[in-house]
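We're numbering straight along the sequence, starting at 1. In each ligand, atom 1 is the first atom listed, and ligand 1 is the first ligand listed.
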Amino acid sequence: MNKFYTLEGRGRSFRLICEPDECATLVELLEAEGFALDQLSAHPLLMRAAGGESALGSSLAARFGRLYIQDAASFIAPLALAPAPGDVVLDVCASPGGKSTFLAQLVGKHGTVIANEPNPQRLATLRQNVQRLSMANVASLDSPGEKLPLPDGSLNAVLLDPPCSGWGTADKHPRVKELWQGDKVEPLKILQRKLLREAVRVLAPGGRLVYSTCTTNVEENEAQVLYAANELGMRLEPLDAPSGFAVEEPALAEARGVVRVAAEESGSQGHFVARLVKPGETGGQAAEEFEYVRDAAVDAALEALERKGGEVIDLEDVPGAGRLPAGSLVAFKGQVRFLPHAALCLLQPRARWQGMALGRLTAGGFRVHSRCRTLMGSSPGPDALEVDEIGPLADLLAGRGVLLDTPAQTKPLPLYFRGLALGWLAVKGDGRRVLWTEK
Ligand SMILES: C[S@@+](CC[C@H](N)C(=O)[O-])C[C@H]1O[C@@H](n2cnc3c(N)ncnc32)[C@H](O)[C@@H]1O
């Protein structure tokens with residue numbers, strides 16, 4: 001990676017949205033706008049930024065969905081869950097999606113994250129973030145976390161980041177500790193226990209559950225983890241102190257191995273993270289048998305979606321669909337969505353869920369959404385627009401067209417910055433002018 005500055009814990013923490021081999025180019029894009037960057041030691045995708053010609057959230061990288069700003073301590077829970085590439089992970093309380101979309105990066109293209117959020121406004125925010133970051137491996141579900149439409153013992157990795165009193169966010173909300181006390185906290189404690197019970201139900205023997213909050217309240221933290229251990233039969237698995245954070249001792253001695261982030265010393269919010277394991281051996285199904293069961297489950301799920309008005313789209317009709325992982329394309333009201341097969345197999349018919357929208361059906365065939373990088377090649381082909389400087393990117397985002405010096409184009413044009421995919425441009429006029437449009 002490029003040169004780094006020493007921000008000494010200052011600056012905004014954020015996550016790069018890219019593959020490991022693209023980090024250096026994304027850093028170049030940020031540095032071209034005057035940001036000074038530091039890498040966090042916990043993971044190569046995690047950084048801090050200071051300076052810059054604009055706020056980090058208005059940077060070119062942010063506007064092209066190539067970074068996600070979040071508190072540094074919120075990186076710890078996904079890292080504690082540590083899913084392997086290809087895993088299927090459930091995030092029970094997902095919006096706005098900071099942890100779900102980090103998990104989606106950790107499980108990679110061939111893994112799947114089922115991101116659940118019952119609050120309609122917050123679900124909409126989660127879906128906007130999934131779309132903005134172009135995360136086709138996230139399926140968003142709108143179920144109460146106390147009654148998930150998933151079979152018993154169906155997942156090996158679950159994150160539970162429930163509503164909490166938020167005492168750890170006092171840097172942003174100074175009155176939080178005074179407002180969230182006594183009677184107001186009691187319903188949260190009850191909900192957290194119900195969510196824990198349901199998370200344990202859907203977890204397979206041997207599976208991992210990470211429980212995290214942004215409060216320092218022992219009753220919502222260590223006491224809940226001990227409830228899971230003593231009443232729900234889970235085993236508390238000690239975590240190592242996360243790299244780059246200062247931690248405090250657990251507030252209850254029996255809860256050894258939980259992580260309590262010391263906010264001020266860590267330059268982050270206060271956070272609590274614990275890892276629990278469901279006893280028993282992970283059941284191994286013979287690979288062939290699994291493939292058979294999976295194919296049958298996918299067929300049944302697609303038939304059910306067709307009965308509800310979905311139209312299954314042939315992958316051949318969508319340019320670049322060969323780059324998608326195992327999944328199906330289904331159009332609802334003309335909107336073509338990617339449905340990962342893992343989600344199609346696991347989610348019960350009553351589940352209301354969505355995959356990422358890739359584009360829409362028009363009279364001329366499939367029309368890709370500008371932000372759908374999933375259908376772009378990892379390097380620019382002959383018909384792409386590749387820019388080396390940030391000027392044309394700023395022009396495009398400001399609604400100004402860019403003239404091409406190539407033959408006239410008819411189809412949306414893939415846009416790259418020094419080989420880094422950014423999205424699709426609409427072709428205008430005589431086919432020589434391209435525009436960035438979200439329509
Ligand atoms: C702490 S926030 C989650 C933050 C998220 N994990 C992230 O990192 O971006 C808790 C979320 O739980 C949701 N929630 C509230 N009641 C719930 C329930 N009964 N089941 C599942 N989620 C619930 C809230 O709407 C809120 O979005």
Problem - Identified side-chain contact (heavy atoms from CB on, under 4.5 Å) counterpart of R127 within the set R122, Q354, M356 - result: Q354
Problem - Lys/Arg N to Asp/Glu carboxylate O, R66 vs E22, below 4.0 Å - result: yes
Exercise for the section: Could you please spell out the steps behind the ring-ring contact (aromatic ring centres under 6.0 Å, His included) verdict for H43 and F102? Expected result: CA-CA 11 Å; H43 192 275; F102 188 17; 5.5 Å; yes
Problem - Electrostatic pair E28:R418 at N-O distance under 4.0 angstrom - result: yes
Practice task
Using heavy atoms and a cut-off under 4.0 Å, could you grab the residues that are in contact with ligand 1, chain by chain, numbers ascending?
Solution key: V92, C93, A94, S95, P96, G97, G98, K99, E117, P118, N119, R122, P144, G145, E146, D161, P162, P163, L191, L195
For a quick test of your reading: what N or O donor-acceptor pairs under 3.5 Å do the side chains of residues 318-328 make, sequence neighbours left out?
unit_1 : atom_1 : unit_2 : atom_2 : d
R323   : NH1    : L375   : O      : 2.8
S328   : OG     : H341   : NE2    : 2.8

Handout entry: Salt-bridge present (E231, R193; N to O < 4.0 Å)
Key = no
